[in-house]
Amino acid sequence: MASCVSGAHTTNPATDAYVRVLRWTFTRNSESLSCELGLTTDKSAYQLRIDPAWNPAGSAVERFDDAMSAFQRHATIERMLLDEGWTLESFESKKIERS
C-alpha cells in the first residue's frame, strides 16, 4: 500500500482526491459483515473498519501507523471469523473519493 519514491515528490490533485480501500465481505447464515482497510483522509495512518460494529477488541474502527500492522490485524480478525463459521463472500479493491 505504501510506496517509496526517490527524488522530489509532487502531488497530483486528480489522484489526491481519491484513496484506495480494500473491502472483505464475510457471511454466515443470514448475517453479513464487512472489513474495510484504507488510509485515513490525511494519509497519516491506516484505518481498519468493521461493519456492523463487531470486534473482539470492542472498537469498530482501529488505526495503525503502518500497513503491515493493519494487515496483520485484519488477518487475525479474518482467522477468528473463519473459525466461527463465517465465509469470505467477496473481496474488492476500489478508489473512493476522500471526504
Side-chain angles (χ1 to χ4, degrees):
M1 293 194 67
S3 62
C4 288
V5 179
S6 60
H9 176 71
T10 59
T11 60
N12 181 342
T15 58
D16 285 348
Y18 295 90
V19 64
R20 178 149 315 269
V21 173
L22 306 177
R23 179 179 294 132
W24 295 262
T25 302
F26 298 90
T27 57
R28 181 177 66 181
N29 301 323
S30 62
E31 299 175 280
S32 181
L33 180 143
S34 65
C35 295
E36 291 183 353
L37 178 61
L39 283 170
T40 56
T41 54
D42 65 359
K43 296 184 179 182
S44 66
Y46 291 87
Q47 182 172 286
L48 180 62
R49 178 183 310 270
I50 301 171
D51 185 35
W54 170 90
N55 190 327
S59 174
V61 177
E62 297 180 45
R63 292 174 62 103
F64 301 89
D65 292 334
D66 62 275
M68 184 60 74
S69 297
F71 275 110
Q72 287 174 336
R73 177 65 176 140
H74 172 267
T76 299
I77 292 170
E78 181 175 20
R79 174 54 37 208
M80 292 170 65
L81 290 170
L82 295 174
D83 288 347
E84 292 179 7
W86 292 83
T87 302
L88 178 62
E89 181 178 298
S90 65
F91 169 78
E92 63 181 314
S93 171
K94 67 179 188 175
K95 286 184 179 181
I96 61 169
E97 193 167 0
R98 294 194 308 155
S99 52

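Predicted model, so just to flag it, every value in this text is computed and none were measured.
Within 6.0 Å of the CG atom in D83, the count of heavy atoms belonging to other residues, nucleotides or ligands exceeds 12.
In this structure, F91 and W24 have tilted ring planes: the angle between them lies in the 30° to 60° band.
C35 places none of its side-chain heavy atoms less than 4.5 Å from the side chain of R23. Counting heavy atoms from C-beta on, the side chains of L37 and V21 never come closer than 4.5 Å. With a 4.5 Å cut-off on side-chain heavy atoms, E36 and L22 do not count as touching.
Looking at T76, its side chain does come within 3.5 Å of a backbone N or O of Q72 through a donor-acceptor pair. When atom types are taken as modelled, the side chain of N29 and the backbone of E31 share no donor-acceptor pair closer than 3.5 angstrom.
Atom CD1 of I77 sits about 3.5 Å away from atom CD1 of I50, to the nearest 0.5 Å. The CZ atom of R28 lies 11.5 Å from the CG atom of L82; values are rounded to the nearest 0.5 Å. To the nearest 0.5 Å, the span separating CZ on R49 from OG on S34 amounts to 9.5 Å.
Between Y46 and A67, the closest heavy-atom pair is CE1-N, 3.4 Å. Looking at every heavy atom in both residues, R73 comes nearest to L48 through CG-CD2, 3.8 Å. Contact between L88 and S90 at its shortest, heavy atoms only, is CD1-O, 3.4 Å.
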Evaluate the criterion side chain to side chain contact (heavy atoms under 4.5 Å, CB included) for residue pair K94 and I96; output intermediate values, then yes/no. CA-CA 6 Å; K94 67 179 188 175; I96 61 169; 3.8 Å; yes
